[in-house]
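Have a look at the structure below before the remarks.
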Amino acid sequence: MGRRLPRSFFRRSSLLVAPALLGTDVVRVLPDGTPLRARIVETEAYEPDDPASHAFRGPTARNTVMFGPPGHLYVYLAYGVHHCMNIVCGTEGVASAVLLRAAEPLEGLEAMQRRRGAVPPRDLCRGPGRWTQAFAVDRALDGTDVAGGQDLWLERAVAVSPQRIVAGPRIGITSAADRPWRFCVAESRFLSRPEGALSRPRSSAASRPSR
DNA sequence: TCCCCGATTAACT
DNA sequence: GTTAATCGGGGAG
């Protein structure tokens with residue numbers, strides 16, 4: 001088919017990869033052989049000089065994969081509760097990655113609901129933690145090769161014209177909140193949060209009504 | 001070794 | 001719209 005994204009696709013800045021991933025499909029093959037498919041509608045870029053990046057302070061046991069070659073999965077546990085998956089970008093030695101935040105489920109919905117409960121299809125992959133739960137992705141898949149492996153990969157699906165892509169501040173980020181590195185398919189109903197919605201400010205004077 | 005806090009979600013009011 | 005839950009990472013001491 002030749003639709004599968006090759007390693008070269010990821011060997012560039014996450015700022016280019018993140019919007020380019022919109023409209024591509026993530027294919028996951030469960031251990032029992034069940035195929036899952038979902039179409040990406042929301043991503044976030046994380047760059048080497050990025051205070052919000054897990055790798056900003058250098059390599060650690062957790063983020064090792066981010067410093068490796070592109071086209072691999074970086075999976076971490078957030079808030080001690082949910083897993084989030086990223087695709088490593090750039091060149092080896094440079095920590096750059098794209099967080100997969102939300103997608104439209106297309107195939108294997110029953111298998112996803114088996115893991116997530118009988119939630120509406122719209123909620124199966126709406127948010128990074130929900131998506132990894134639906135796709136059975138956890139730390140065990142940290143480092144998985146998505147360019148050459150058989151567990152999870154990406155396929156070119158539909159083209160999303162630049163006019164339909166909107167960028168905004170990343171979700172849940174406190175530092176470098178000014179960098180508009182969250183990319184969404186504007187009209188999608190599968191976004192984790194409505195496009196344009198700002199993350200709630202941490203108790204600050206500005207958020208308090210001045211009566 | 002301890003302690004704080006986060007690339008969040010679900011269940012509330 | 002708000003908030004509790006939950007736990008591993010990593011900086012500080």
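Note that this is a predicted model, so its numbers are computed, not measured. Naming convention: chains lettered A, B, ... in sequence-line order (proteins, then strands); numbering from 1 in each chain.
- One interatomic measurement links the two molecules: OH of Y74(A) to P of dG8(C), which rounds to 14 Å at whole-angstrom precision.
- Between R116(A) atom CZ and dA10(B) atom C1' there is a gap of 10 Å when expressed in whole angstrom units.
- Atom CZ of R130(A) is separated from atom P of dT9(B) by 6 Å (rounded to the nearest Å).
- Between D138(A) atom CG and dT8(B) atom C1' the separation is 17 Å, expressed in whole Å.
- The base-pairing partner of dG1(C), taking Watson-Crick or G-U wobble contacts with both distances under 3.5 Å, is dC12(B).
- Listed for the N63(A) side chain is no donor-acceptor partner under 3.5 Å among the backbone atoms of M66(A).
- Among the nucleotides dA7(B), dG6(B), dG9(C), the one closest to the side chain of I173(A) is dA7(B).
- Closest to the side chain of H54(A), out of dA7(B), dG8(C), dG6(B), is dA7(B).
- Between dT9(B) and H82(A), no contact under 4.0 Å exists linking OP1 or OP2 to a side-chain N or O.
- If you find the closest nucleotide of DNA chain C to R139(A) and to V81(A), the one lying nearer the 5' end belongs to V81(A).
- Looking at heavy atoms from C-beta onward, V17(A) lies in side-chain contact with F9(A) at the 4.5 angstrom threshold.
- Salt-bridge annotation for R37(A) and E155(A): present, with a side-chain N of the basic residue lying under 4.0 Å from a carboxylate O of the acidic one.
- Between the side chains of Q133(A) and R116(A), at least one donor N or O lies within less than 3.5 Å of an accepting N or O.
- Rounded to whole Å, the distance from CG on D123(A) to P on dA11(B) is 11 Å.
- Across the protein-nucleic acid pair, N63(A) atom CG and dG9(C) atom P stand 11 Å apart, rounded to whole Å.
- In the set dG10(C), dT6(C), dT9(B), dG10(C) carries the atom at the smallest distance from any side-chain atom of R62(A).
- When the side-chain nitrogen and oxygen atoms of T60(A) are compared with OP1 and OP2 of dG10(C), one or more of them lie within a distance under 4.0 Å.
- Straight-line distance from the NE2 atom of H83(A) to the P atom of dA7(B): 15 Å, rounded to whole Å.
- Relative to the six-membered ring of Y46(A), R170(A) meets both conditions, a distance below 6.0 Å and an angle of at most 45° to the axis.
- As rounded to whole Å, 11 Å separates atom P of dA10(B) from atom CG of L124(A).
- Remark: ring of Y46(A) overlaps the six-membered base ring of dA7(B) in a stacked fashion, centroids less than 5.5 Å apart, planes less than 30° apart.
- Checking the phosphate oxygens (OP1, OP2) of dG9(C), no side-chain nitrogen or oxygen of R57(A) falls inside 4.0 Å.
- Side-chain atoms of Y76(A) come within donor-acceptor range of the base of dA7(B), with a qualifying N/O pair under 3.5 Å.
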